[in-house]
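These notes are about the structure you will find just below.
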Amino acid sequence: MTANTIDHNRARYNFEGIESVWLFGYGSLIYKVDFPFLEQRPATIRGWARRFWQGSHDHRGTPEAPGRVVTLIEQPGARCKGMAYRVSPNVFEYLDVREKNGYLRFSTTMTFDDGSHAEGLVYIATEDNEAFLGEAPEADIAAQIAAAAGPSGPNSEYLLRLAESLRALGDDCVHTFAIETHLLGNEPVAVKDR
Ligand code: BEZ
């Protein structure tokens, strides 16, 4: 799978006759909301874990020094908290370009805080995409993020804004907060205390 997913995404869903679609955001879509939406609700998806395992050559790094951004990894029992937006289908014309570096749209079921559910879409960078970097120790991920910057700004800003947004949502994303702790130069919290 090439890193540029614009054409793949455009061929994946036929939105004809559909007025609005729920989109689940778990990364920059939580805090960088530069698209119109009809409704916004905190939500959770099950069976997926947020991980800084996707390379960013176009936004938060460069081809020579890629940054790291989040994707979702399948993990039974996991829950990923994020923000859901009900959007007009034409919003995907913009988002497919914004998130072109390896992310494909997948169907998902999201659960809102009141326990109700909706079907919608989520962007996921699977491990067969060229920009996938994969697992690494959280301290190494923090060091890579600290050193990377791209056209959208420092990679550290991405991490810190995401961590702040997750805190505001009341999420306890152990992975994100551990990397944040390393980046800020604090002692990582022992796993048993998390
Ligand atoms: C998200 O926030 O859901 C997201 C952002 C960028 C790429 C993929 C997903």
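Remember, it's 1-based here, ligands and their atoms both numbered in the order they're listed. Reckoned from all heavy atoms, side chains included, excluding hydrogens, waters and symmetry mates. For clarity, every value in this text was computed on a predicted model and none was experimentally measured.
- Sorted by first and then second residue, the pairs that involve residues 66-86 and meet salt bridge (Lys or Arg N to Asp or Glu O under 4.0 Å), not counting sequence neighbours, are E39-R86, K81-D113.
- For Y85 and F37, the ring centers sit closer than 6.0 Å to each other.
- Partners of S28 by side-chain hydrogen bond (donor to acceptor under 3.5 Å, both in side chains), not counting sequence neighbours, listed by chain and number: R98.
- Contact shell of ligand 1 (protein heavy atoms, cutoff 4.0 Å): F24, G25, Y26, G27, S28, L29, E99, Y103, Y123.
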Exercise for review: List the steps and the verdict of ring pair (Phe, Tyr, Trp, His ring centres under 6.0 Å) for W48 and F106.
Suggested key: CA-CA 12 Å; W48 295 94; F106 288 87; 7.1 Å; no

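- Within the structure, every pair that satisfies the salt bridge (Lys or Arg N to Asp or Glu O under 4.0 Å) test and touches residues 155-168, not counting sequence neighbours, is listed here: R60-E157, R167-E180.
- Remark: the Y103 side chain and the N129 side chain contain no N/O donor-acceptor pair separated by less than 3.5 Å.
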